[in-house]
Amino acid sequence: MTTPSQIRTRFAPSPTGYLHIGGARTALFNWLFARHHGGTFVLRIEDTDEVRSTHDSVDAILNSLRWLGIHWDEGPETLEKDRGPYAPYFQMKRLDSYRAFARKLLEEGRAYPCYCTKEELEEMRRLAQLEKRPPRYDGRCRKLADEKRREFEAAGKKAVLRFRMPDEGATTVPDLIRGNVQFENALLQDFVIMKASNVPTYNFACVIDDHAMEISHVIRGDEHLSNTPSQLQIYKALGFEPPAFAHLSMILGPDGAKLSKRHGATSVLEYRDQGYYPKALRNYLALLGWATAESQELFGEEELFRKFSIEGCQKSPASFDPAKLLWMDGEYLRKLPTPELLDAAKPFLEKAELWGKPGLEKVAALEREKYKLLSDVPKLLDFFYKDDLDWTEKAKRLVGDGSRGMLGDLAAELSKLDSFTAKPLEDTIRGFCAARSLKTSQVFHPLRAAVSGRTEGPSLFDMLEALGREKVIERLRKAVHPN
RNA sequence: GGCGCGUUCGUCUAGCGGCCUAGGACGCCGCCCUCUCAAGGCGGAGACCACGGGUUCAAAUCCCGUACGCGCCA
């Protein structure tokens with residue numbers, strides 16, 4: 001058995017786009033597992049897809065993970081800089097190692113060059129389908145005579161390197177989540193390990209690196225389960241001790257289809273831009289495909305580390321539920337002390353030109369249990385600072401002809417108030433109602449509408465106090481005498 | 001097409017042979033609190049545990065099929 005200190009997990013994304021929700025969840029589980037065992041979490045960039053990999057994607061992935069607060073112990077710091085004893089962490093910087101192992105397999109007869117063209121391969125596939133055989137490579141280049149090989153080389157034909165699969169027996173994938181999963185070797189094909197460009201394929205490079213980086217647990221998406229027996233054969237051929245595997249169920253959209261743009265945001269950074277609180281998203285993601293025996297919902301960071309386990313991982317796919325995420329976000333924001341909340345909402349406040357406004361903290365505190373997103377903060381309090389209110393239809397109706405006179409009188413009374421604070425305001429206004437035999441609602445609602453332009457908002461008297469005498473009187477005056 | 005994986009309220013899930021007339025959470029509905037909106041409290045609707053066979057005194061839980069969904073190979 002490995003001792004806890006030897007636990008090493010990794011997240012190995014391909015930089016071919018933004019980091020999506022599913023990838024983030026995989027990264028998160030690897031991180032949690034490593035932390036739970038006091039191990040190490042490695043980030044490795046699998047950029048061997050020469051045409052689709054971009055530097056922007058690397059940046060997006062690093063930024064997404066940082067924003068989510070998923071900290072890697074080893075891996076790239078920036079595009080240029082790595083940190084950790086197994087550097088580099090970009091596969092394209094590790095080509096020598098793949099080539100060396102490929103050569104070894106070639107020399108030992110475990111791999112062979114294949115000169116088949118795209119056309120030949122397609123023909124092979126077509127024929128197989130016609131004969132209702134699995135459409136796999138038929139191994140024709142396995143027994144290519146040396147002279148034939150030289151002939152191809154002379155003709156300038158490019159070769160890929162294929163791994164020679166055993167023809168018989170079965171390969172068992174011991175999976176921590178799914179148990180032992182068996183695959184017939186005869187059904188596995190001689191897959192390409194090195195492309196014609198002398199760059200390794202995913203299935204080869206990741207074996208070499210997981211071994212080189214001493215990864216103890218490969219926790220990854222379910223879509224890799226079918227590739228695992230092929231990888232296991234590479235481990236065997238090279239005499240490597242394979243890591244433990246755990247294949248996570250996929251994340252689906254709310255309708256049960258594969259999560260895609262159609263369902264709304266799929267990129268982590270989109271959630272940031274919409275105003276989600278990173279710890280809330282992280283908490284929500286942890287619950288997609290994992291649960292405790294108590295079905296606990298909200299976790300502190302340390303608590304997540306402590307309670308996370310592979311045993312709690314779900315076999316069946318999980319649907320992403322935006323409504324629950326939104327609830328959870330509100331749950332986190334409500335717990336946040338106001339200064340921290342404002343700090344987190346800073347980008348949104350800045351955009352609304354509210355950052356640094358006087359009394360912001362006081363005003364923000366009045367609405368604190370209502371924010372579901374950080375972007376709600378400016379939305380819910382901008383009326384405090386606006387000169388021209390955005391009147392809602394409902395609010396307009398409330399300050400109609402029926403209540404103008406009353407509001408005018410009330411304004412006169414309020415302007416005489418010594419202390420413009422909640423308690424005296426409440427006493428005065430309630431007294432005003434009593435003196436005129438008005439129901440409080442007949443006064444409170446039009447008053448709220450008149451000073452805020454809306455019918456929803458903070459507690460009336462706190463709101464009046466926060467607005468201050470000048471603004472309240474001014475707004476009442478404007479409401480009573482619209483131009 | 002072959003192989004593989006999966007299937008408990010709309011959704012996330014608890015459950016690992018008797019405690020289940022299936023528990024929690026989100027969402028939905030109602031009531032309470034209340035100056036509005038929220039938040040909070042209380043309650044409700046909502047799952048014949050995909051279907052069909054077994055095994056067993058007893059199955060959501062074990063076994064075998066079927067269906068459906070998904071993945072991989074191309």
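To find a chain, count down the sequence lines: A is the first, B the second, and so on, and within it residues start at 1.
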Does OP1 or OP2 of [N] have a side-chain N or O of [X] closer than 4.0 Å?
{"X": "A:Gln314", "N": "B:A14", "result": "yes"}
{"X": "A:Ser319", "N": "B:C12", "result": "yes"}
{"X": "A:Arg430", "N": "B:C35", "result": "yes"}

Base, sugar-phosphate, or nothing for [X], non-hydrogen atoms under 4.0 angstrom?
{"X": "A:Glu223", "answer": "sugar-phosphate"}
{"X": "A:Leu326", "answer": "nothing"}
{"X": "A:Gln182", "answer": "sugar-phosphate"}

Next on the checklist: Quick one, A:Tyr115 and A:Val160 - any side-chain contact, counting heavy atoms below 4.5 Å?
Outcome noted: no
What's the closest nucleotide to the side chain of [X] if the choices are [options]?
{"X": "A:Ser459", "options": "B:G71, B:U36, B:C5", "result": "B:U36"}
{"X": "A:Arg334", "options": "B:C37, B:G10, B:G40", "result": "B:G40"}
{"X": "A:Phe183", "options": "B:G4, B:A38, B:C35", "result": "B:G4"}
{"X": "A:Ser316", "options": "B:U8, B:G24, B:A14", "result": "B:U8"}
{"X": "A:Glu456", "options": "B:C12, B:U36, B:C5", "result": "B:U36"}
{"X": "A:Lys315", "options": "B:G6, B:C5, B:A25", "result": "B:G6"}
{"X": "A:Val181", "options": "B:G4, B:U11, B:A25", "result": "B:G4"}
{"X": "A:Arg448", "options": "B:C12, B:G6, B:C35", "result": "B:C35"}
{"X": "A:Ala323", "options": "B:C35, B:U13, B:G27", "result": "B:G27"}
{"X": "A:Glu331", "options": "B:C73, B:G40, B:C35", "result": "B:G40"}

Checklist entry - Using the ring of each side chain (for Trp, its six-membered ring), is A:Phe308 parallel, tilted or perpendicular to A:Phe33, with breaks at 30° and 60°? => result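 Ring orientation, 0 to 90° scale: perpendicular.
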Item to check | Distance-only donor-acceptor check, side chains A:Arg368 and A:Thr338, under 3.5 Å | outcome: yes
Next on the checklist: Counting only heavy atoms from other residues, nucleotides and ligands, does the tally under 6.0 Å from NZ of A:Lys118 exceed 12?
Outcome noted: no
Item to check | Under 3.5 Å on both distances, the Watson-Crick or G-U partner of B:C73 | outcome: B:G1
Item to check | Axial cation check for A:Tyr137 ring with A:Arg162, 6.0 Å and 45° limits | outcome: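 The answer is yes; both the distance and angle limits are met.
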Item to check | Rounded interatomic separation in angstrom, taking OH from A:Tyr371 and C1' from B:A39 | outcome: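 Rounded to whole Å, this separation is 13 Å.
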